[in-house]
Amino acid sequence: MSLLVVKNLRKSFDGLAAVADVSFELGAGEIVALIGPNGAGKSTLFNMLSGQLRPDGGHVGFTGSDITGLPPARIARLGIGRTFQTSGIFASMTVRENVQVAAIAGHRQAFRMDRPAVRFSEAVADALLHQIGLANVANTGAGALAYGDAKRLDLALALVNNPVLLLMDEPTAGMGLSERAALMALVRDTARARNTAILFTEHDMAAVFATADRVLVLDRGALIANGGPDAVRADARVKAVYLGEDV
């Protein structure tokens with residue numbers, strides 16, 4: 001059984017279709033890229049999957065349950081995490097404290113800062129920070145982090161409550177070439193280690209083709225390609241609307 005099943009999902013704004021009858025499936029542990037030109041509908045699709053937008057029609061199934069139109073908090077508790085293009089870290093807190101707060105909130109204990117909760121969250125935070133390479137800056141103020149490390153912290157916040165599916169919206173936005181490659185290698189390796197499925201949007205095609213098991217391509221709200229990186233790279237329609245000939 002597929003982890004995520006999307007059937008005929010659609011959303012329009014002022015009569016214009018942002019997402020038009022999109023259907024696809026995603027398996028457990030699979031890493032899938034969602035690409036397309038600006039305005040193709042990628043963010044709208046993400047917002048419907050994570051509950052920020054209610055679809056006009058269609059179906060979203062997750063682990064066999066219908067989650068279509070559920071609010072973001074309920075979707076998150078079911079096991080879908082998300083990162084955004086803009087950072088969601090608390091600059092005034094340390095790196096460890098950021099992860100601790102996310103861990104406590106994820107266990108629906110947002111107002112429990114007693115010693116047992118803090119000890120539990122500290123152990124969770126330290127283990128995760130070690131895994132993603134931030135253990136050496138655990139006591140550093142998050143606002144003082146280099147941009148690449150701030151992106152790693154965003155990843156930690158999304159992973160701390162062990163989602164089985166992680167939605168990543170432009171994870172390498174604003175990063176240099178070497179930083180992009182390092183972050184996406186970390187995403188890939190961490191997902192493999194945790195058996196976490198990833199659906200990510202990205203404009204860096206080198207990062208897409210180096211990371212994804214499969215690539216979905218949107219154009220004007222419609223899904224025009226769904227296949228392995230090599231097949232999508234060679235697809236004439238994808239080249240015409242997005243990739244160009246030099247890929």
#### Entry: Value rounded to 0.5 Å, distance of CD1 in I198 from CZ in R192
9.5 Å
### Message
Rounded to the nearest 0.5 Å, what separates atom CE in M168 from atom CG in L166?
### Response
5.5 Å
### Summary
Only one of I224, L45, V241 passes side-chain contact (heavy atoms from CB on, under 4.5 Å) with L218, and that residue is L45
Least distance between heavy atoms, [X] atom then [Y] atom:
{"X": "L129", "Y": "R96", "value": "CD1-CA, 3.9 Å"}
{"X": "R54", "Y": "G69", "value": "NH1-O, 3.1 Å"}
{"X": "F62", "Y": "I67", "value": "CB-CD1, 3.7 Å"}
{"X": "L153", "Y": "A142", "value": "CD2-CB, 3.9 Å"}
{"X": "A173", "Y": "Y147", "value": "O-OH, 2.7 Å"}
{"X": "L70", "Y": "I75", "value": "O-CD1, 3.3 Å"}

Keeping [X] on the side-chain end and [Y] on the backbone end, is there a donor-acceptor pair under 3.5 Å?
{"X": "T201", "Y": "E170", "value": "yes"}
{"X": "D213", "Y": "I31", "value": "yes"}
{"X": "N161", "Y": "A102", "value": "yes"}
{"X": "D149", "Y": "L145", "value": "no"}
{"X": "R10", "Y": "V19", "value": "no"}
{"X": "K42", "Y": "I35", "value": "no"}
{"X": "R152", "Y": "I132", "value": "yes"}
{"X": "D235", "Y": "A231", "value": "no"}

### Query
Yes or no on side chain to side chain donor-acceptor pair (under 3.5 Å) for T94 and N139, after CA distance, side-chain angles and deciding distance?
CA-CA 5 Å; T94 68; N139 295 314; 5.4 Å; no
Side chain to side chain, [X] and [Y], heavy atoms closer than 4.5 Å:
{"X": "L165", "Y": "L4", "result": "yes"}
{"X": "D169", "Y": "S43", "result": "yes"}
{"X": "V32", "Y": "L216", "result": "yes"}
{"X": "M184", "Y": "P171", "result": "yes"}
{"X": "L199", "Y": "L49", "result": "yes"}
{"X": "V60", "Y": "M48", "result": "no"}

#### Entry: Residue pair E202 / T172, side-chain donor-acceptor N/O under 3.5 Å
yes
### Message
When you compare the side chains of T83 and D154, does any donor N or O come within less than 3.5 Å of an acceptor on the partner?
### Response
no
#### Entry: Q131 vs R194, side-chain contact (heavy atoms from CB on, under 4.5 Å): CA-CA, chis, key distance, verdict
CA-CA 11 Å; Q131 184 178 22; R194 290 169 164 255; 3.2 Å; yes
### Task
Would you list the pairs meeting side-chain hydrogen bond (donor to acceptor under 3.5 Å, both in side chains) in which at least one residue belongs to residues 57-69, sequence neighbours left out?
D66-T68
#### Entry: side-chain hydrogen bond (donor to acceptor under 3.5 Å, both in side chains): pairs with one or both residues in residues 14-34, sequence neighbours excluded
S2-E25, E30-R214
### Task
I would like to know whether K11 and D56 meet salt bridge (charged side-chain N to carboxylate O under 4.0 Å, His left out); could you show each step before the answer?
CA-CA 5 Å; K11 183 69 178 181; D56 293 336; 3.5 Å; yes
### Task
Would you please test V232 and N226 for side-chain contact (heavy atoms from CB on, under 4.5 Å) and show each step?
CA-CA 7 Å; V232 168; N226 179 353; over 6 Å; no
### Query
Within 45 degrees of the axis of the six-membered ring of F46 and under 6.0 Å from its centre: does R82 put its NZ or CZ there?
no
### Query
Under 4.0 Å between a Lys/Arg side-chain N and an Asp/Glu carboxylate O for R180 and D204?
yes
